[in-house]
*Asks:* 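The structure follows.
Side chains are part of it too, since the values below use all heavy atoms of this structure and drop only hydrogens, waters and symmetry mates. Chain naming here is simple, since letters A, B, ... match the order of the sequence lines and numbering starts at 1 in each.
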Amino acid sequence: MLKIENLHVGYGDATALSDVSLHLDKGELACMIGPNGAGKTTLVNAIARLLPIRSGSIAIEGRDVSRLTPQELCDYGVAIIPEGRRLFTSMTVEENLEIGCYRPAARGLKQQSLARIYEMFPVLGERRWQLAGTLSGGQQQMVAIGRALMAQPKLLLIDEPSLGLAPVIIKQVFETISAIHASGVSILLIEQNASKALAVAQRAYVLDCGSIIAQGTPQELRQRSEIDAAYFGAGN
Amino acid sequence: MISATLLGQSVLSGFFAGCLYALLGLGLTLTWRYLKVINLAHFAFVLIAAYLTFQLVGKNGLNPLLVAVILIPVFFLAGVAQQALIEHYKVNEFASIILTFGFAMIAEAGLQWIWSADYQKLEAHYMRGSLQVAGLFLPISDIVMSLVAISLCVMVWAAMRYTWLGKALRASLDNPGIAAAFGVPNRKLSYLVAGASGASTAIGGIFVALLSTLAPSQIFSWLGVVFAAALLGGLGSPIGILAAGILLGVSEHVTMAITAPSWAPVVPFTLLMVILLLWPERI
Ligand SMILES: Nc1ncnc2c1ncn2[C@@H]1O[C@H](COP(=O)(O)OP(=O)(O)O)[C@@H](O)[C@H]1O
Ligand SMILES: [Mg+2]
């Protein structure tokens with residue numbers, strides 16, 4: 001589904017990702033964990049084509065996408081749930097969801113998609129006319145998830161969905177991610193909350209200082225005590 | 001004390017003037033908010049269109065509707081071309097004032113060179129006459145212009161609210177990167193806004209030619225009051241600029257009736273300052 005080889009990305013002179021390679025099979029849920037500043041968001045933005053890359057390749061279903069614009073990429077069925085939600089705050093909940101299905105391939109399914117999302121998150125249905133910027137953090141995360149689902153994605157990039165949310169909401173968010181995965185969507189999940197991420201993932205990568213320092217199944221990673229100490233420590 | 005008829009006539013003239021402000025300011029307020037371009041050349045476009053109308057209708061005898069059919073697409077393209085230039089040179093909001101001011105100066109000089117600095121009036125039999133209702137005069141030309149201005153403002157408002165393009169435009173203003181990631185074509189939309197704004201100057205210019213006497217210096221005399229209407233109405237708001245334009249127009253004309261005409265220009269700016277002081281989050 002997704003194959004990244006020797007990816008280098010930087011901001012000006014600073015290198016943010018160096019020699020990152022990873023792959024994600026169709027229907028798989030892979031997670032990427034790593035500390036703050038490791039380059040996780042940079043990776044997501046590079047895949048979504050929101051950042052230029054220096055070298056390396058990104059392929060989706062065997063086709064190179066590393067030079068596309070974000071708009072062109074979205075036609076490959078890639079949707080993003082960005083860090084910090086990044087909703088269209090001055091638009092209503094429903095308008096946010098509608099932009100999710102802006103791409104022609106998803107637009108025709110608008111009514112079904114909306115019905116599905118309001119069923120998934122009834123509170124969004126109740127608040128469909130409310131401005132997205134006035135919702136609580138948890139509800140905003142639901143809108144961000146809903147907006148991405150409206151795009152009928154084959155590949156979903158999720159960046160720190162639990163950031164700043166209460167534990168009970170985090171639990172609901174992870175259940176939702178599992179359900180989306182079960183419906184056949186391939187997912188790359190970025191998380192700092194390693195234990196939660198490893199519990200739902202089939203493959204895991206550990207990113208630190210812009211490089212992948214470990215990878216394997218969640219079980220394999222859990223057994224590696226040095227990673228444990230660094231990333232699964234306090235609070236998890 | 002002024003008579004009720006005079007007051008009524010002033011309110012009515014103010015209303016018509018306000019509709020013209022809205023017609024001339026609609027494109028300005030949209031490009032200001034959505035493209036971050038403060039387009040002083042907007043009024044140069046209006047006057048160029050007005051002089052072309054003066055020439056084609058007054059001198060060459062063309063029908064104004066035909067002139068509209070010619071000028072609207074040409075000015076749409078001119079708006080797109082201007083935006084392409086601004087994007088190519090990555091002109092920011094502040095620099096856009098200077099760049100477009102420069103263009104307005106050049107246009108003024110060009111108009112003077114071709115049509116002289118003297119006042120000129122289009123002499124044609126289109127939209128002449130007026131209705132008389134309850135002792136008040138309603139010139140046909142003003143009625144038509146106001147209907148066009150109101151319809152355009154309402155149509156743009158509805159398009160921003162209910163169409164895919166309008167929603168995409170608002171999304172790209174809120175968050176261009178994420179909007180693009182969902183397939184919103186930010187650049188195409190910005191050209192569309194610039195083009196629509198250009199097209200609106202053609203419509204405005206045709207009415208300016210039909211309604212008033214022309215002088216190249218009007219490029220700068222429109223500027224103040226239309227800016228005030230754009231700010232007062234809330235940038236980017238088509239209904240806002242219509243309401244603010246009418247408010248300014250009516251207050252100007254009523255001021256003129258009860259004091260002296262020289263006081264009229266003071267009104268919009270006093271209103272603007274008072275409202276901005278009381279309600280600074282307006283812009
Ligand atoms: N817009 C930017 N400009 C310059 N440096 C940035 C920018 N965004 C992120 N960085 C830097 O790139 C590195 C990786 O950041 P990021 O990808 O946000 O990490 P993470 O998501 O893992 O916390 C950090 O050192 C950060 O300071
Ligand atoms: Mg991050």
Side-chain angles (χ1 to χ4, degrees), chain A residues 41 44-52 65 68-92 94-108 110 129 131-133 143-144 146-153 155-157 159, chain B residues 29-36 83-84 87-88 90 93 155-194 230-231 233-241 279-283:
Chain A
T41 299
V44 166
N45 287 344
I47 299 171
R49 306 301 317 117
L50 295 168
L51 276 178
V65 298
L68 298 186
T69 63
Q71 209 194 319
E72 289 164 340
L73 180 76
C74 116
D75 278 331
Y76 285 66
V78 181
I80 180 171
I81 301 176
E83 182 179 279
R85 355 249 183 253
R86 297 178 69 188
L87 299 183
F88 307 117
T89 48
S90 65
M91 298 171 73
T92 65
E94 184 147 308
E95 287 171 341
N96 270 268
L97 297 175
E98 285 175 323
I99 294 295
C101 67
Y102 192 81
R103 73 185 185 105
R107 218 182 271 189
K110 182 178 120 177
W129 310 124
L131 294 185
V143 177
R147 179 176 65 181
L149 291 180
M150 293 292 290
Q152 305 288 332
L155 170 62
L156 195 50
L157 309 169
D159 193 355
Chain B
T29 194
L30 291 175
T31 54
W32 194 339
R33 175 142 170 97
Y34 289 97
L35 308 182
K36 306 272 180 294
Q83 182 62 17
E87 275 182 27
H88 182 259
K90 299 191 168 41
E93 192 165 346
M155 272 162 52
V156 170
W157 169 81
M160 297 303 281
R161 225 180 138 81
Y162 300 114
T163 68
W164 282 104
L165 282 177
K167 289 172 195 170
L169 200 57
R170 286 189 289 139
S172 88
L173 182 70
D174 265 4
N175 200 328
I178 297 299
F182 284 100
V184 169
N186 293 322
R187 282 197 93 198
K188 268 195 212 156
L189 288 179
S190 70
Y191 285 129
L192 182 70
V193 172
L231 288 170
L235 289 182
S237 165
I239 299 297
I241 196 161
W279 197 8
E281 67 274 23
R282 195 93 195 98
I283 46 171

*Asks:* Holding to side-chain hydrogen bond (donor to acceptor under 3.5 Å, both in side chains), I want the full list of residues that pass it with A:T41, two or more places apart in sequence or in another chain.
*Replies:* A:E83, A:D159
*Asks:* Report the option among A:S90, A:P82, A:A151 that has the most heavy-atom pairs separated by less than 4.5 Å from atoms of chain B.
*Replies:* A:S90
*Asks:* Counting heavy-atom pairs under 4.5 Å to chain B, which of A:R103, A:M150, A:R107, A:M91 comes out on top?
*Replies:* A:R107
*Asks:* Please collect all salt bridge (charged side-chain N to carboxylate O under 4.0 Å, His left out) contacts where either partner lies in residues 163-180 of chain B, sequence neighbours excluded, each pair once.
*Replies:* A:E95-B:R170, A:E98-B:K167
*Asks:* Side-chain polar contacts of residues 70-80 of chain A - donor-acceptor pairs under 3.5 angstrom, sequence neighbours left out - could you list them?
*Replies:*
unit_1	atom_1	unit_2	atom_2	d
A:E72	OE1	A:T69	N	2.9
A:E72	OE1	A:T69	OG1	3.4

*Asks:* Does anything in residues 184-194 of chain B reach chain A? List residues with heavy atoms under 4.5 Å apart, or say none.
*Replies:* B:V184, B:P185
*Asks:* Taking all non-hydrogen atoms of both residues into account, name the closest pair between A:Y102 and B:F182 and its distance.
*Replies:* CB-O, 3.5 Å
*Asks:* What distance do A:I81 atom CD1 and B:I178 atom CD1 have between them, rounded to the nearest 0.5 Å?
*Replies:* 11.0 Å
*Asks:* Please name the pair of heavy atoms, one in B:G177 and one in A:L50, separated by the smallest distance, quoted to 0.1 Å.
*Replies:* O-CD2, 3.3 Å
*Asks:* For the residue pair B:N175 and A:L87, what are the closest heavy atoms and their distance?
*Replies:* ND2-O, 4.3 Å
*Asks:* For A:R147, is it the side chain, the backbone, both or neither that has a heavy atom under 4.5 Å from a heavy atom of chain B?
*Replies:* both
